[in-house]
Novice: 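One structure, as C-alpha cells, below. Some questions next.
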Protein chains: 2
Amino acid sequence: MKLQVYTEPPLSVAEQVLREAFSKKRFVTMLCRCSVVYEGRSATILGEGDRLVIVKPDGAVLVHRPRGYSPVNWQPDSQVLEARLDEQDVLVVRSVRAKPREVLEARISRVYLITIAEGMEDHAEFQELMDEAEIRDVLASHPDLIEPGLRVVRVEKRMGRSGYADIYAVDSEGRHVIIEVKRVTAGREAVEQLKRYVDTWRRENPGAPVRGILAAPSITEPAARLLREYGLEFKRIDLKQVRSIASRERRASKQPSLLSFVGRRGEGAQ
Amino acid sequence: MKLQVYTEPPLSVAEQVLREAFSKKRFVTMLCRCSVVYEGRSATILGEGDRLVIVKPDGAVLVHRPRGYSPVNWQPDSQVLEARLDEQDVLVVRSVRAKPREVLEARISRVYLITIAEGMEDHAEFQELMDEAEIRDVLASHPDLIEPGLRVVRVEKRMGRSGYADIYAVDSEGRHVIIEVKRVTAGREAVEQLKRYVDTWRRENPGAPVRGILAAPSITEPAARLLREYGLEFKRIDLKQVRSIASRERRASKQPSLLSFVGRRGEGAQ
DNA sequence: GCCTACATGTCGACA
DNA sequence: TGTCGACGTGTAGGC
C-alpha cells in the first residue's frame, strides 16, 4: 500500500491533491474544518466544525463528527466527485449520486490533514454467525426446540405475495404451522408479519386449521398482547442453546479452523 | 486542533500511542492491516486486510474496508478501550461495550499510519429539512392538500397503545379521519400502521364512522392492494409543493439566513 | 428494477 | 428503562 500524507496543506494544494485522488480512485481521509450541505431525498445543513471526511475508491463519502457511530452526512456511492476552489477561497468538495439524485457538498475552510492511500488490499472473507438465517436453520433441523412432534415441511416458504414464512411445518395433530423467527426481541412488527402470513395461508386454504408461532428470544409486552389478540402463539428461543447447536454443526460440517476464533473470549451478549 | 501523525510506526510504538490516545480520549484514525473478531448480539470474523480504523473520543469504533458506506465492524460506543501487544507480536485493539455486552477486537499486524487529533471543535447545529415531522406539519396547516373541507383536530394524536396517528381530523361530512404521513413510498408496513390506528379508534369509538388516509408521495402496488382490502384510502402528496410551502413558511418565521444555502443548486431528488 | 425482509441496524422521543 | 417508529436508513436476495 502506498501512502501520501499532507499536513496543513494550503487549500489550493488540497484542491489539486483531491482532484487527482478522486480521478485515480484512491482512498482518501481528510481532517478538516468544514460545513456541509446535502440535498436529495431530504435536505440538511451542517454549520462549520472539525470533521473527518472519508472518500472511498467506489465513491462512498462519509463525514464524521467527533462523536457517535453514524456519519452526520454521507453518500453511499457517488458517480461524480469534484474538488474546486470557490470564489471566497473555500474548498468545495461536491459528490453527486445519480439514483436517487443526491448532492453532498462539503465547504472546507481549513485542511488539517489529507492522506491518500493507493492499493489497499482487502480480499478477506467476512463471516457472520448467528444471523436470522442460521437460527432459522437450526430450528428447522431441530424442530423439537419449538415443540415436540413438529415436522418441518419447508424452510423459507413463499406465502403468496405476502413474503416468505421462515418455517412451514405440521404439528403432532396434523395442523399446519407457520413459524416466524426473530433473532432479537420481537416487537409489534414481527407479530404483524406473522399475522400476514397466516392470513394469506388461510385465504389460500379455506377451512384448514393453521397455527402461527412467533419464535424469538423474547417479546415486548404490547406485541404479546397483540399476538394473543390475533390468536397466535409465542415460543421463547434459547439463543445459547441455538448457538451451541449451530457451532457444533458448523464444526462438524464446515470450516473448523475459523471457528476456533469464536468463544475464546467473552461469553456472549446477555 | 492539535495533530500527531505517525507513519509506519513499529507495533510497539503504535501500542503506546494508542494507549495514550485512548486514555486521553483523542480522535484516532489508523490505516492498518488487520483482522477483526466481534462477539455480542451477533458474532463475526473478518480475515486480514487493509482497513481504516476510527476511534472517537466517546468510544465509538469503526472499521472500514476500502469500499462501501457501511463499516464492516463497529462499536457505537465503548466503555473499555485497550491496546496491547500479543504474544505473537500482533497489536490487539480491544473495545468492550457494556450494555449490551459486546466485544470487538482488531488484530493488527501492520500499521501504515496513525493520526491523533486533540481538541476537534464541532459545536455546529445540524438542521434537517423535510423530515416526516415537517411534512406532517405542512399538511396539518394546509389540510386542503389532502382533501377540501378537511379540518385538523390534532397533530400526533395518541391512539391508545397503538402509537401516534400523525394527523387526526374531521372531514366535510363530519366523519373522523386518521391520517398517516410517509415521507417516502409507502409500503405494506405503512398500511398496517394506519390500519392499527383505525382499528384502535374504532374499538374506542364503536359505531362512529372513521376514515383512514395514507398520505405519501407514492405507494407500492402490494401496499395499495392491502389498503383497498382494509377499506383505507391513499392520497398522493406532491413533495415539491410541500417543500415550497415549508421553505416559504420557514422563511417567514424562522432563520432566513441558513435557508439561503438550500435551493441554490440541485432541483431536489430524482 | 420493484419489492420484501434483515440488521450487531442506530437514534431519538416518550411513557 | 422499555417500547416504538423514523431513517437521506443500507444491504442482500428474489422475481
Side-chain angles (χ1 to χ4, degrees), chain A residues 38-44 60 62 68-77 97 99-104 128-136 156 158-159 161-166 180-190 192-193 196-197 218-225 268-269, chain B residues 36 38-44 60-61 63 68-77 97 99-104 128-133 135-136 156 158-159 161-166 180-190 192-193 196-197 218-225 268-270:
Chain A
Y38 152 80
E39 175 153 8
R41 286 167 293 178
S42 171
T44 65
L62 303 160
Y69 159 87
S70 315
V72 62
N73 281 108
W74 69 93
Q75 205 76 282
D77 50 67
R97 186 190 188 187
K99 222 171 122 44
R101 163 98 181 165
E102 305 199 272
V103 183
L104 184 156
E128 290 197 58
L129 314 177
M130 294 310 296
D131 56 357
E132 200 200 65
E134 190 162 30
I135 296 173
R136 182 239 293 147
E156 280 281 281
R158 184 145 180 75
M159 305 303 287
R161 291 196 200 80
S162 302
Y164 291 83
D166 287 323
E180 174 63 25
V181 178
K182 284 282 167 266
R183 53 180 294 286
V184 292
T185 303
R188 205 171 257 141
E189 206 173 299
E192 302 281 6
Q193 202 179 331
R196 204 162 58 231
Y197 299 152
S218 54
I219 185 168
T220 67
E221 226 324 276
R225 207 177 295 120
Chain B
V36 185
Y38 152 80
E39 175 153 7
R41 286 166 293 180
S42 172
T44 65
V61 179
V63 180
Y69 158 86
S70 315
V72 62
N73 282 108
W74 71 92
Q75 203 77 282
D77 50 67
R97 185 189 190 191
K99 225 168 113 52
R101 163 97 182 166
E102 304 198 275
V103 182
L104 184 157
E128 292 196 57
L129 314 177
M130 294 311 296
D131 55 359
E132 202 200 67
I135 296 174
R136 182 240 294 147
E156 279 281 281
R158 183 140 182 76
M159 304 302 286
R161 291 195 200 80
S162 302
Y164 290 83
D166 287 323
E180 174 64 24
V181 178
K182 283 283 166 266
R183 201 176 52 74
V184 291
T185 302
R188 203 169 257 145
E189 206 177 293
E192 249 138 37
Q193 203 177 330
R196 211 162 53 232
Y197 296 152
S218 55
I219 185 168
T220 68
E221 226 326 275
R225 207 176 296 121
Q270 64 147 336

Novice: Which whole-number value in Å describes the distance from B:Met130 CE to D:dG8 C1'?
Specialist: 12 Å
Novice: Find the distance A:Arg158:CZ to C:dT4:P and express it as a whole number of Å.
Specialist: 9 Å
Novice: Would you say that A:Leu129 contacts A:Glu134 through its side chain, given a criterion of any heavy-atom pair below 4.5 Å between the two side chains?
Specialist: yes
Novice: Under 4.0 Å, heavy atoms only, any strand: does B:Tyr38 hit a base, just the sugar-phosphate, or nothing?
Specialist: base
Novice: Show, in sequence, the C-alpha distance, side-chain angles and deciding distance for B:Val36 and B:Val72, and conclude whether the side-chain contact (heavy atoms from CB on, under 4.5 Å) test is met.
Specialist: CA-CA 9 Å; B:Val36 185; B:Val72 62; 5.6 Å; no
Novice: More 5' along DNA chain D: A:Ser42 or A:Gly187, using each one's nearest nucleotide?
Specialist: A:Gly187
Novice: Can you find a heavy atom in the side chain of A:Glu156 that is under 4.5 Å from one in the side chain of A:Arg136?
Specialist: yes
Novice: Let's see if you can work this out: which of D:dG5, D:dG10, C:dG9 has an atom nearest to the side-chain heavy atoms of B:Gln193?
Specialist: D:dG5
Novice: Can you tell me how far P of C:dA5 sits from CD1 of A:Ile135, to the nearest Å?
Specialist: 18 Å
Novice: Picking from C:dT8, D:dG8, D:dA6, which would you name as closest to the side chain of B:Glu180?
Specialist: D:dA6
Novice: Count the heavy atoms belonging to other residues, nucleotides or ligands that lie under 6.0 Å from CD of A:Glu189, then report whether that count exceeds 12.
Specialist: no
Novice: Distance between the C1' atoms of C:dA7 and C:dC11, in whole angstroms?
Specialist: 14 Å
Novice: Record whether the side chain of A:Gln75 comes under 3.5 Å of the base of D:dG8 through a donor-acceptor pair of N or O atoms.
Specialist: yes
Novice: Just to be sure I understand the rule, does A:Asp131 reach a base, reach only the sugar-phosphate, or reach nothing, if contact means heavy atoms closer than 4.0 Å?
Specialist: sugar-phosphate
Novice: Separation of B:Asp166 atom CG from D:dA6 atom P, in whole Å?
Specialist: 7 Å
Novice: Both A:Ala223 and A:Val72 contact DNA chain D. Which one's nearest nucleotide lies toward the 5' end?
Specialist: A:Ala223
Novice: To the nearest Å, how far apart are B:Trp74 CH2 and C:dA7 P?
Specialist: 11 Å
Novice: D:dA6 C1' sits how many Å from B:Glu128 CD, rounded?
Specialist: 10 Å
Novice: Rounded to whole Å, how long is the line connecting atom CD of A:Glu192 with atom P of C:dA5?
Specialist: 12 Å
Novice: Just the table, please: protein N/O against nucleotides 1-3 of chain C N/O, every pair under 3.5 Å.
Specialist:
| unit_1 | atom_1 | unit_2 | atom_2 | d |
| --- | --- | --- | --- | --- |
| C:dC3 | OP1 | B:Glu221 | N | 3.3 |

Novice: When you measure from the side chain of A:Tyr69, which nucleotide among D:dC7, C:dT10, D:dC15 comes out closest?
Specialist: C:dT10
Novice: Are A:Tyr164 and C:dA5 stacked, counting the six-membered base ring, centres under 5.5 Å, planes under 30°?
Specialist: no
Novice: Consider the side chain of A:Ser70, meaning its heavy atoms from C-beta on, and name the nucleotide among C:dC11, D:dT11, C:dA7 that approaches it most closely.
Specialist: C:dC11
Novice: Reading DNA chain C 5' to 3', what string of ( ), [ ], | and . shows its pairs, if Watson-Crick and G-U wobble pairs count only when both distances fall under 3.5 Å?
Specialist: |||||||.|||||||
Novice: Ignoring the backbone of A:Pro76, work out which of D:dG10, C:dA7, D:dA6 is nearest its side chain.
Specialist: D:dG10
Novice: With a 4.0 Å cut-off on N to O distance, would you call B:Arg225 and B:Glu221 a salt bridge?
Specialist: yes
Novice: Which residue lies toward the 5' end of DNA chain C, A:Ala133 or B:Asp77, if each is placed at its nearest nucleotide?
Specialist: A:Ala133
Novice: Could you tell me whether the side chain of A:Tyr197 and the main chain of A:Tyr164 form a donor-acceptor pair under 3.5 Å?
Specialist: yes
Novice: With no hydrogens and no angle check, is any side-chain donor or acceptor of B:Glu102 less than 3.5 Å from a backbone partner on B:Arg41?
Specialist: yes
Novice: Within the structure provided, determine whether A:Val181 and A:Glu132 are in side-chain contact (heavy-atom separation under 4.5 Å).
Specialist: yes
Novice: Could you work out, with side chain to side chain contact (heavy atoms under 4.5 Å, CB included) as the rule, every residue matching A:Ser218, not counting sequence neighbours?
Specialist: A:Thr185
Novice: For D:dC4, does OP1 or OP2 lie under 4.0 Å from any side-chain N or O of B:Tyr197?
Specialist: no
Novice: Just by modelled atom types, is the A:Ser42 backbone N or O under 3.5 Å from a matching donor or acceptor in the B:Glu128 side chain?
Specialist: no
Novice: B:Arg41 has a side chain; which of C:dG9, D:dG5, D:dG8 sits nearest to it?
Specialist: C:dG9
Novice: Sticking with atom P, work out how far D:dG5 lies from C:dT8, rounded to a whole angstrom.
Specialist: 22 Å
Novice: Atom NZ of B:Lys182 and atom C1' of D:dG8: how far apart are they, to the nearest Å?
Specialist: 15 Å
Novice: Any idea which of C:dT8, C:dA5, D:dC15 is nearest the A:Arg196 side chain?
Specialist: C:dA5
Novice: Does any part of the side chain of B:Tyr69, heavy atoms only, come nearer than 4.5 Å to the side chain of A:Leu62, both counted from C-beta?
Specialist: yes
